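Heavy atoms only: backbone and side chains are in, while hydrogens, waters and symmetry mates are out. Whatever order the structure lists ligands and atoms in, that order sets their numbers, starting from 1. Computed from a predicted model, the values in this text were never measured in an experiment.
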Amino acid sequence: MKIGIVCYPTFGGSGVVATELGMALAKRGHHVHFITYKQPVRLDFISNDIHFHEVFVEEYPLFHFQPYELALSSKMVEVVQMYNLEILHVHYAIPHAYAAYMAKKMLKEKGIDVKVVTTLHGTDITLVGSHPNYKTAVEFSINNSDVVTTVSESLKNDTLRLFKIKKEIKVIHNFIDFEKYPEIKSPECQRNNIANEDERIITHISNLRPVKRAYDVIDIFYKIQKEIPAKLLLVGEGPDREIIERQVKELGILDKVLFLGNSNEVNKLLCYSDLFLLPSETESFGLAALEAMAARTPVISTNSGGLPEVNINSVTGFLSNVGDTDEMAKNGIFILKDVDRLQQFKQNALEQAKRFSLENVLPTYKEIYRQAVANCC
Ligand code: GMT
């Protein structure tokens, strides 16, 4: 099939899922066209079947805000026409679903019927999308997509609760391409580069926005390292970086915390890890938790949003109420304290992650594309 993928090209979860999906489709012979303002950071596969089309917004003194949606919908029209695309799969509703609706209308005038698949990822519904400034347009563009998917049951329920939705919503969970995860014994996975033999390695990966509660990560780690020798790897950049750097300094644990910045090789960083922390305020799915589990890392998370669909309490890790860092630290210590118990949790995490393998999830996306083109949904 010929598919256009529209996403944010950044390290955020929606961009990662969109890019991994595009690469997986191209590897299986589909023609994939990424349409966005920058080459997606996770795009690491070169092939005849992958194309990138940059959306460029001209500067003009009159523009207080750049009209990105206009440039994006015009680019979608151009690419659909030039490459005969059958599907436009837009990830994250704002503004992609709205721009796709406009592109679809413009193409209709030219006698072209392109199908729009919208995948809702999380904050496009929960934090941003339902804000009164956006709600009307988001609701409209969801209802006018040909197919709508969410990345968890929880996000589907949130969408139905927050908007008047007239369309069926299909849940397609986030997925993992296990081919990208190195073997634990591989030379890429030298944990002694990071920590001493007796130290446990704890990891957090996010864009360090307030919703991730990165200060809770530091608080949990501080409590754990008082009982168990440990290092904390912090992967990602974002607005809370300064706050937590100060927190780490004030707590006197600067020598135990490594700020690694953004990385598109999280699979390799995770293979060192013994525990992953995700104390988010809300998380529609928690792709970072799934990536950790695929690298055999148990997860200490909150019980918000879709996290209980991924992290199974007392099996793959533990779930606590938002902000309960005492309990999260206690559970982390419980997992890390006993070597056999840690191994069991690691094994359980891997087994659970396998349920979300690319091979299990990809056929569902292919099927919705097929049905959309066949006009049967
Ligand atoms: O909010 C983020 O961290 C980024 C955001 C995005 O859309 O780029 O992530 C959301 O989508 C991911 C992929 O589907 C989900 O795994 C994350 O849980 C979700 N984030 C939130 O709901 C906060």
Side-chain angles (χ1 to χ4, degrees), residues 5-22 24 36-38 40-42 89-97 117-131 134 138 148-159 161-162 169-177 204-214 216-217 234-241 262-264 266 270 276-294 299 301-311 319 322 353 356 358 361-362 364-365:
I5 293 189
V6 179
C7 64
Y8 284 104
T10 57
F11 289 98
S14 62
V16 169
V17 170
T19 311
E20 294 287 347
L21 176 62
T36 179
Y37 60 83
K38 206 177 70 186
V41 289
R42 273 274 180 116
H89 188 172
V90 299
H91 292 258
Y92 205 91
I94 306 169
H96 301 148
V117 177
T118 296
T119 292
L120 306 172
H121 279 271
T123 51
D124 48 350
I125 294 299
T126 52
L127 290 185
V128 193
S130 52
H131 188 281
Y134 301 113
V138 171
V148 181
T149 77
T150 57
V151 298
S152 64
E153 287 291 343
S154 157
L155 185 60
K156 174 177 174 173
N157 294 335
D158 284 339
T159 310
R161 181 173 49 83
L162 294 165
I169 295 180
K170 297 182 194 216
V171 176
I172 307 181
H173 283 125
N174 287 169
F175 59 85
I176 282 289
D177 183 352
H204 170 75
I205 302 176
S206 79
N207 43 24
L208 303 182
R209 284 182 297 147
V211 71
K212 302 291 176 181
R213 296 180 69 101
D216 279 357
V217 171
L234 280 171
V235 184
E237 288 292 346
D240 281 354
R241 157 104 193 221
N262 283 328
S263 167
N264 51 12
V266 292
L270 282 165
F276 188 79
L277 305 179
L278 196 60
S280 310
E281 182 87 39
T282 168
E283 202 69 67
S284 69
F285 179 89
L287 179 64
L290 177 60
E291 290 180 322
M293 286 158 58
V299 174
S301 71
T302 53
N303 50 18
S304 66
L307 283 167
E309 294 171 50
V310 185
N311 187 17
L319 299 107
V322 174
F356 301 92
L358 175 67
V361 176
L362 191 64
T364 322
Y365 275 119

Self-check item: Exam field: side chain T282 to backbone G305, donor-acceptor pair closer than 3.5 Å
Solution: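 No: the side chain of T282 does not pair with the backbone of G305.
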Quiz item: Judged by atom type as modelled, is there a donor-acceptor pair below 3.5 Å linking the side chain of D240 to the main-chain atoms of A214?
Solution: no
Exercise. Please state whether the rings of F276 and H204 are parallel, tilted or perpendicular, taking 30° and 60° as the class boundaries.
Key: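 The rings of F276 and H204 lie parallel, inter-plane angle below 30°.
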Exercise. Look at R42 together with E291 and state whether they make a salt bridge at an N to O cut-off of under 4.0 Å.
Key: yes
Quiz item: Picking from N303, V299, T302, L278, what satisfies side chain to side chain contact (heavy atoms under 4.5 Å, CB included) with L319?
Solution: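 Output: one option passes, namely N303.
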Quiz item: side chain to side chain contact (heavy atoms under 4.5 Å, CB included) with A93: which residues, sequence neighbours excluded?
Solution: A97, L120, D124, V138
Quiz item: Protein residues near ligand 1, heavy-atom distance below 4.0 Å?
Solution: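 Lining ligand 1 at under 4.0 Å, by heavy atoms, one finds G12, G13, S14, V17, Y92, H121, G122, T123, V151, N174, N207, R209, K212, T282, E283, S284, F285, G286, L287.
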